Amino acid sequence: QVQLVESGGGLVQAGGSLRLSCAASGRTFGNNVVGWFRQGPGKEREFVAVISWSGSVTTYADSMKGRFTISRVNAGDTVYLQMNSLKPEDTGVYYCAQSMRVTLTTTPTDFGSWGQGTQVTVSS
């Protein structure tokens, strides 16, 4: 089973940027879709972005469109999430996950492998 390790979280002021990384080990991402999800304080886990195995197809949650960019480097089995124009409501734990599917999906139950998460805190 693939192990996923996120990094890059931290504390940033509103309007700032962060770049999250998700590295795969044990097994590669292969042809599977990879996504980012987040869970804010007192909130349920929500979809952020997802990317196809080739990196050519991406989907974003409406509130992230234009601010976040997901990308992947298959040769290195790393997926990134560039977050710009951050807002306090973006605060939460961000999780990387590998889907059990090769077709694009945003449903958390379609993702079988999850990282431990990285904390993002945006101050106002």
Side-chain angles (χ1 to χ4, degrees):
Q1 186 174 358
V2 65
Q3 286 82 46
L4 307 180
V5 179
E6 303 97 333
S7 60
L11 173 64
V12 64
Q13 290 187 333
S17 298
L18 283 174
R19 189 194 196 202
L20 306 183
S21 299
C22 173
S25 64
R27 295 178 61 182
T28 67
F29 285 129
N31 294 336
N32 297 77
V33 167
V34 178
W36 286 94
F37 295 79
R38 71 183 184 189
Q39 187 165 14
K43 299 180 181 179
E44 293 187 354
R45 190 170 298 187
E46 65 174 340
F47 165 74
V48 173
V50 69
I51 190 166
S52 65
W53 71 271
S54 67
S56 61
V57 182
T58 58
T59 298
Y60 299 90
D62 287 344
S63 62
M64 288 74 165
K65 289 180 181 177
R67 299 190 301 124
F68 291 10
T69 302
I70 187 171
S71 60
R72 67 191 295 172
V73 179
N74 286 334
D77 269 314
T78 304
V79 174
Y80 302 97
L81 184 68
Q82 177 68 43
M83 305 186 295
N84 299 327
S85 302
L86 284 163
K87 306 174 183 179
E89 51 264 43
D90 292 319
T91 293
V93 179
Y94 283 69
Y95 298 91
C96 170
Q98 179 191 38
S99 171
M100 297 176 286
R101 297 173 177 266
V102 295
T103 54
L104 220 60
T105 176
T106 64
T107 305
T109 53
D110 286 337
F111 291 78
S113 298
W114 293 78
Q116 82 290 346
T118 184
Q119 176 70 45
V120 171
T121 303
V122 184
S123 62
S124 57

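Predicted, not measured: the structure shown is a model, and the values here were computed from it.
- Taken from CD in Q119 to OG1 in T91, the straight-line distance is 7.5 Å, to the nearest 0.5 Å.
- When all heavy atoms of T78 and S21 are compared, the pair lying nearest together is CG2-CB, 4.4 Å.
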N/O donor to acceptor pairs below 3.5 angstrom from side-chain atoms of residues 12-19, sequence neighbours left out:
residue: S17; atom: OG; partner: N84; partner atom: OD1; Å: 2.9

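- A distance-only check finds no donor-acceptor pair linking the side chain of R72 to the backbone of V33 [under 3.5 Å].
- Annotation: side chain of T69 is not in contact with side chain of Y80 (no heavy-atom distance under 4.5 Å).
- The only member of L104, V34, T105 that meets side-chain contact (heavy atoms from CB on, under 4.5 Å) when paired with S99 is T105.
- Taking the side chain as every heavy atom from C-beta outward, Y95 and F111 never approach each other to under 4.5 Å.
- Smallest separation of non-hydrogen atoms from I70 and W36: CD1-CD1, 3.6 Å.
- T118 meets the side-chain contact (heavy atoms from CB on, under 4.5 Å) test with E6, L20, Y94; sequence neighbours excluded.
- For the pair G26 and Q3, the tightest heavy-atom approach, listed with the atom from each and the gap, is CA-OE1, 3.6 Å.
- Across every non-hydrogen atom of L86 and R67, the tightest pair is CA-NH1, 3.9 Å.
- When all heavy atoms are compared, the tightest approach of L4 to Q116 is O-OE1, 3.6 Å.
- Ionic pairing of D62 and K65 is present here: one or more N-O contacts between side-chain nitrogen and carboxylate oxygen are shorter than 4.0 angstrom.
- The heavy-atom pair separating E44 from Q39 by the smallest distance is C-CG, 4.0 Å.
- Note: S56 OG to I51 CD1 = 8.0 Å, rounded to the nearest 0.5 Å.
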